[in-house]
J.: 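Next up is a structure, given as structure tokens.
Order of the sequence lines sets the chain letters (A, B, ...), proteins ahead of strands, with each chain counted from 1.
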Amino acid sequence: MTESADSVELLSTIEAVLYAADQPVSADRLVELVSKACDGDGDANLDVDTVRSACLELEERYRANASALQVMEIARGYRLGTRPHFDAIIRLLRQVERPTQLSLPALETLAVVAYRQPTTIAEIHSIRGKDPGAALRRLRDLRLVRITGRRRAVGRPFTYGTTDRFLELFGLRDLTELPSEEEFQELLEA
Amino acid sequence: MTESADSVELLSTIEAVLYAADQPVSADRLVELVSKACDGDGDANLDVDTVRSACLELEERYRANASALQVMEIARGYRLGTRPHFDAIIRLLRQVERPTQLSLPALETLAVVAYRQPTTIAEIHSIRGKDPGAALRRLRDLRLVRITGRRRAVGRPFTYGTTDRFLELFGLRDLTELPSEEEFQELLEA
Amino acid sequence: MRASDRRDDPIVADENSTPFLVHTESFDGPLDLLLHLVRRHEVAIEQVPLAQITAEYVETLELMAELELEPAAEFLEVAATLMRFKARALLPRPAVPEDPELAAQEEAVLLQQLVEHQVVRLAAQQLRHRENQAAAVWFRGEVSPAGIEATDSEIVEADLFTLVTAFRNVVAGLEEPAAFEVPREEFSVAECSAEIRAKLALGVPVPFLELFESGAPRGKLIATFLALLDLIRGSMVRAFQDGPLGTILVFSTDADDDVGTNETTA
């Protein structure tokens, strides 16, 4: 392999790592990873300086291409990110992204809330047979479920119900349009 | 702004969106986002075709640079990902083993659903020669298969189809990318 | 099925001495078994020697019952259908006169099912290929890849019946009565499971036959086989076959090394 082909390969290998990483990656770690991955063939004596200049070169390439991406040095490591110029459109994107699909436990918890509302955590727990805490939190984050009040009972527990967004998301005009509980159950079990 | 500067800007704007998105973004949505973000200045009459060719051009640029990134068409949208070549080093970085594959029976059941959708349990049963209940449950847990409706037949059985996650997991743009059943028949007769 | 009245078989899974059952629902169905038998004859589906296939089919079911693999009801239905075909073929005039058209139809339906099943298997292979390709692609900040392990396309995953048939050859070599006797000694499936995992721990694929200690009592062999099936069912171990009649290789999914992958780490 020619040196330039090697150096192109090093650049894209670093690019792959920075793209896939979810935190800054130090130059040391990059050396370690690339050496391990090449394992024998390729540059055995890869050093920190080579990696550092490769990161700079990658950033140079992005800049030359007017790419939206940039290599940043943060917290003693390298990180891939978008240039500030594109903040606005990314914020727009976040607003319109469709909600991620609900997991089965969340969906089942939602079913219980939909049919039993207003209902309490204890009730959901006893119907589902497990702590609905995590699922409920997620449903509240997604604004599908909300606190509707308090039960007049020992401990005055919160009661939960579904939101308008729930109706919208499931294409229902109102709660009377929910399929019968048996149908829903079947839907979940089928 | 010159036209070429405009087109470079479009490319990197799309790049920013695809980088930031955590799911495939359709051409329609890209048009909507870019139009909204530019709002007044820039190309008011951006159309789907322009966006599509910009995505191709972006992929072209990545390829020309021997970048680790690629623009893929998945689940009726565009998505940024790494090239398979870099799988090994990313695994090293992430310290993950290769995930387990779907079991063969689950995969076969998935194939039946993919080709026959919308299909019912009874149909799958008769094609597979065995009760698909367990496999279907697993496929639904994995959100690869979902209930799509009901058949107008005795007992009004539920019908099943594949999800977008199915397309994503198998890197398919849409269902037409699956080889046709005729092709398989030919293969068998050959 | 016989399996149900053999609950006190001394093959044990744990200290509680509960019988060890491998649930076949996560394995294959009767059409897989038929296809497996057809392929062994290396003929087109339409030219299947029905009488022979029927005998082999029933034999395999018996073997499964002996192994407590509890073949599902569907297996017995297909067996009954096959027996009817066979009876028809043997008797020029059936004792109970039946509509010949109906009989031919029934046979055509089964053959059609088999052909269709073959198509499904091809489609599944195609999906597997896709799955492998897609698994090597990473998205930003992804914790673990969406997909799946890469395996060489030349190698096919061994199905339940390939394993059962291979196992039959293991016990056929024993100079003991042909029937599967209930062994006197107690063999723990859990122990056999640990032994298999130890053999596979190096990450090197091990030929199926080498998992079975030569000269071991039948009960030990059966327990080893059941342990292997359970490991496969739990996705801890995978078995591959080099072509339809090729060697079966077993390897651990924990180990990094993979059968037949020639991927170079760039």
Side-chain angles (χ1 to χ4, degrees), chain A residues 5 7-9 11-23 25 29-30 32-39 58 61-62 64-69 80-98 100-105 107 179 183 186-190, chain B residues 5 8-9 11-23 25 29-30 32-39 58 61-62 64-69 80-83 85-94 120-121 133 136-137 140-143 146-147 150 156-160 163-165:
Chain A
S7 107
V8 168
E9 171 76 14
L11 243 63
S12 26
T13 305
I14 289 176
E15 188 183 27
V17 170
L18 297 186
Y19 175 81
D22 53 5
Q23 52 191 353
V25 185
R29 178 100 172 100
L30 279 172
E32 185 196 329
L33 283 169
V34 176
S35 308
K36 254 197 210 163
C38 296
D39 202 18
L58 183 61
R61 192 173 83 188
Y62 285 146
N65 283 320
S67 164
L69 305 182
L80 213 59
T82 50
R83 296 192 191 278
H85 178 62
F86 300 96
D87 268 5
I89 196 159
I90 292 173
R91 216 165 300 135
L92 275 176
L93 168 79
R94 297 262 183 258
Q95 280 167 22
V96 298
E97 259 187 316
R98 58 193 149 104
T100 38
Q101 267 185 302
L102 288 175
S103 68
L104 205 60
L107 206 61
E183 281 180 319
E186 226 177 298
L187 217 136
L188 290 175
E189 280 162 10
Chain B
V8 167
E9 173 75 11
L11 244 63
S12 26
T13 307
I14 290 176
E15 187 183 28
V17 170
L18 296 186
Y19 177 84
D22 46 22
Q23 50 196 333
V25 186
R29 185 153 283 161
L30 280 172
E32 184 196 329
L33 282 167
V34 176
S35 308
K36 256 195 207 163
C38 295
D39 203 20
L58 183 59
R61 193 173 83 188
Y62 285 145
N65 282 322
S67 166
L69 305 181
L80 206 61
T82 56
R83 296 192 191 274
H85 178 64
F86 301 96
D87 184 37
I89 195 161
I90 297 174
R91 266 178 217 291
L92 274 177
L93 167 80
R94 290 304 205 163
T120 63
I121 292 194
L136 260 187
R137 249 192 314 282
R140 291 195 56 209
D141 282 354
L142 293 170
R143 294 191 290 113
R146 66 189 180 91
I147 289 180
R150 284 197 142 147
R156 311 232 322 112
F158 286 118
T159 56
Y160 294 81
T163 61
D164 277 357
R165 192 172 137 79

J.: Decide yes or no for A:Leu69 and B:Leu69: does some side-chain heavy atom of the first lie under 4.5 Å from some side-chain heavy atom of the second?
T.: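 Of all side-chain heavy-atom pairs linking B:Leu69 with A:Leu69, at least one is under 4.5 Å.
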J.: Identify which part of A:Arg83 has an atom lying under 4.5 Å from any heavy atom of chain B, answering side chain, backbone, both or neither.
T.: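 No part of A:Arg83 comes within 4.5 Å of chain B.
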J.: Quick one: are B:Ser67 and A:Arg61 in side-chain contact, heavy atoms under 4.5 Å?
T.: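 Heavy-atom side-chain distance check passes, below 4.5 Å.
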J.: Taking atom CD of B:Glu15 and atom CG of A:Asn65, what is their separation to the nearest 0.5 Å?
T.: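 Going from the CD atom of B:Glu15 to the CG atom of A:Asn65 covers 8.5 Å.
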J.: Quick one: pull up NE2 in B:His85 and CD in A:Glu9 and give me the separation to the nearest 0.5 Å.
T.: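 Taking NE2 in B:His85 and CD in A:Glu9, the distance rounds to 4.0 Å.
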J.: Looking at every heavy atom in both B:Ile90 and A:Ala20, which two are closest together, and how far apart are they?
T.: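 So the two residues come closest at CG2-CB, 3.5 Å.
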J.: What's the shortest heavy-atom distance between A:Ser12 and B:Ala68, and which atoms?
T.: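 So the minimum-distance heavy-atom pair works out to O-CB, 3.1 Å.
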J.: What option among B:Leu11, B:Thr13, B:Ile14, B:Leu58 has the most heavy-atom pairs under 4.5 Å with chain A?
T.: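 Top count of heavy-atom pairs under 4.5 Å with chain A: B:Thr13.
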J.: Specify the closest pair of heavy atoms between A:Leu93 and B:Val25, including all atoms of both residues, with the distance to one decimal.
T.: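 Scanning both residues, the minimum pair turns out to be CD1-CG2, 4.5 Å.
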J.: If you compare all heavy atoms of A:Tyr19 against all heavy atoms of B:Thr82, which two are closest, and at what distance to 0.1 Å?
T.: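 Taking A:Tyr19 first and B:Thr82 second, the nearest heavy atoms are CD2-CG2, 3.5 Å.
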J.: So for A:Ala88, is it side chain, backbone, both, or neither that comes closer than 4.5 Å to the heavy atoms of chain B?
T.: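 A:Ala88 has no heavy atom closer than 4.5 Å to chain B.
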J.: Check whether any side-chain heavy atom of B:Phe86 sits under 4.5 Å from a side-chain heavy atom of A:Val17, and report yes or no.
T.: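 Heavy-atom side-chain distance check fails, nothing below 4.5 Å.
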J.: To check you understand the geometry: which heavy-atom pair defines the closest contact between A:Ala66 and B:Val8, and what is its length?
T.: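 Taking A:Ala66 first and B:Val8 second, the nearest heavy atoms are CB-CG1, 3.5 Å.
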